[in-house]
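Chain letters run A, B, ... following the sequence lines, proteins first, then strands; residues in each count from 1. Being a predicted model, the structure only gives us computed values, none of them experimental.
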Amino acid sequence: MTAITLRPDQPFDLDLTLSCGQAFRWEKAEGWWQGVACGRALRIRQDADRLTFEGADAGFVRDYFRLDQDLPAVLASIDRDPAIGAAIRECRGLRLVKQQPWECLVSYICATNTNIPAVKRRVGLMAERYGEPIDGPFGTAHAFPEPQALAEVTCADLWDCKLGYRTESVRRAAAFATENPDWAERVAAIPFEEAREALMEFRGVGPKAADCVLLFAFGFFEAFPVDVWIRRIVGEAYLPGLTGKNCTPAEYDRIRRFAREHFGEYAGYAQEYLYCARGPARRAA
DNA sequence: CCCCAGGGGATTT
DNA sequence: AAATCCCATGGG
């Protein structure tokens with residue numbers, strides 16, 4: 001068991017961070033969050049400025065939760081109007097965790113046209129069946145499977161992980177990542193718009209999934225994923241001219257380019273704060 | 001039971 | 001380029 005004390009000038013809210021839907025392998029039980037991240041089975045809780053955890057060292061925890069990113073500076077940079085200002089006041093301490101590209105890519109392929117519990121189920125089944133076992137603080141957990149492990153799974157068995165019509169997309173991504181193990185390094189090394197195009201070469205990855213992976217795994221904080229909630233929120237607060245119910249490609253581009261201009265280089269943080277403050281989690285609660 | 005959720009791809013206009 | 005349908009699953 002390890003504990004670290006958070007700096008008073010660097011807010012962090014573990015509950016908001018893990019419950020806002022950005023990562024799919026966390027569950028809260030009896031006051032503790034437990035999950036698997038980057039091959040570590042981690043159990044962690046927060047009491048005010050104290051973080052207590054087991055399953056990883058302090059360096060990993062700081063890195064995964066981006067505790068060294070200057071959050072007040074980020075929030076100050078996006079705080080440009082009353083709507084985002086309210087979201088910041090409500091969700092201060094929410095941080096974007098640093099996910100692994102491969103797991104994040106597959107997770108968001110599995111997230112198309114579906115809800116968060118279903119994504120968790122799919123990712124969990126793939127890990128449980130094909131991921132490396134990890135002895136951790138809550139029994140045997142499983143790492144997310146490496147590309148080769150998934151590439152060797154038959155379509156029928158992948159289908160049985162409840163992937164549905166996404167099965168073929170995951171299978172192709174696994175084959176590609178097995179043959180091109182440096183794919184993520186190459187995406188990380190090129191400019192944002194090019195990286196976005198590169199991710200959309202994957203079958204099953206469109207604008208929304210690409211923006212999520214760019215934001216959550218590659219640290220492209222200007223990425224602004226647009227789902228129906230964000231579309232609704234942006235339509236109400238910023239772009240009242242939005243028409244129709246569906247987000248057409250042209251409309252998607254209009255929203256994300258507006259956000260990049262309006263919020264600046266950390267537009268992705270604005271997206272998370274708006275989603276967290278006014279999206280489905282809050283309305284349900 | 002039906003409806004909603006609600007992303008990407010294929011097809012058609 | 002825009003509109004329409006379909007895909008498999010989970011939640012209300």
Side-chain angles (χ1 to χ4, degrees), chain A residues 19-28 99 101 103-130 150 153-177 187 193 195-218 220 223-236 239 241-257 259 268 271-272 274-276 278-285:
Chain A
S19 63
C20 70
Q22 56 178 320
F24 298 107
R25 298 210 62 202
W26 291 96
E27 297 293 340
K28 193 174 188 183
Q99 300 187 42
E103 176 174 347
C104 192
L105 176 73
V106 176
S107 297
Y108 280 94
I109 289 174
C110 292
T112 58
N113 190 20
T114 194
N115 49 33
I116 290 171
V119 184
K120 285 186 168 180
R121 176 127 186 265
R122 292 172 186 139
V123 175
L125 283 171
M126 282 188 282
E128 184 185 315
R129 294 174 182 180
Y130 308 112
L150 280 189
V153 178
T154 66
C155 278
D157 287 343
L158 261 190
W159 187 278
D160 198 49
C161 294
K162 311 301 177 188
L163 302 194
Y165 59 84
R166 306 156 193 86
T167 298
E168 179 61 13
S169 299
V170 171
R171 202 192 59 75
R172 285 201 207 182
F176 181 86
V187 169
E193 292 292 341
R196 194 168 184 270
E197 292 299 318
L199 286 180
M200 288 195 290
E201 304 260 320
F202 285 94
R203 182 189 180 108
V205 178
K208 162 65 160 51
D211 285 333
C212 286
V213 177
L214 290 165
L215 181 61
F216 299 137
F218 286 99
F220 282 105
F224 192 86
V226 181
D227 63 10
V228 288
W229 287 96
I230 287 299
R231 184 187 178 283
R232 194 172 301 159
I233 294 163
V234 170
E236 287 169 4
L239 297 173
L242 293 184
T243 57
K245 300 265 190 289
N246 298 322
C247 197
T248 64
E251 192 179 80
Y252 190 107
D253 252 30
R254 183 175 170 223
I255 293 170
R256 78 178 180 99
R257 290 183 194 286
Q271 192 267 12
E272 277 306 285
L274 290 171
Y275 185 85
C276 183
R278 309 206 18 221
R282 280 306 159 106
R283 305 226 169 168

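A:Asp253 is linked by a side-chain hydrogen bond (donor to acceptor under 3.5 Å, both in side chains) to A:Arg256, A:Arg257, counting only residues two or more places apart in sequence or in another chain. Residues meeting the ring-ring contact (aromatic ring centres under 6.0 Å, His included) test with A:Phe224, sequence neighbours left out: none. With sequence neighbours excluded, no residue satisfies side-chain hydrogen bond (donor to acceptor under 3.5 Å, both in side chains) with A:Arg25. Taking A:Glu197 as the reference, nothing meets the side-chain hydrogen bond (donor to acceptor under 3.5 Å, both in side chains) condition, with sequence neighbours excluded. Under the side chain to side chain contact (heavy atoms under 4.5 Å, CB included) criterion, A:Ala198 pairs with A:Val187, A:Ile190, not counting sequence neighbours. Not counting sequence neighbours, the partners of A:Tyr252 by the side-chain hydrogen bond (donor to acceptor under 3.5 Å, both in side chains) test are A:Asp211.
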Please convert DNA chain B into dot-bracket. A pair counts if it is Watson-Crick or G-U wobble with both distances under 3.5 Å; crossing pairs go in [ ] and bases paired with another strand get |.
.||||.|||||||
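We find the CG-SG distance between A:Leu105 and A:Cys110 to be 9.5 Å, quoted to the nearest 0.5 Å.
Rounded to whole Å, the distance from CG on A:Leu158 to P on C:dA8 is 15 Å. In this structure, the NZ atom of A:Lys120 is 14 Å from the C1' atom of C:dG11, given to the nearest Å.
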Heavy-atom protein contacts under 4.0 Å, nucleotides 3-9 of chain B, coded B base, S sugar-phosphate only, - none
---BBSS
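Separation of the P atoms belonging to B:dC3 and C:dC5 is 15 Å when rounded to the nearest angstrom.
Identified under the salt bridge (Lys or Arg N to Asp or Glu O under 4.0 Å) test for residues 156-168 of chain A, with sequence neighbours left out: A:Arg129-A:Asp160, A:Glu168-A:Arg171, A:Glu168-A:Arg172.
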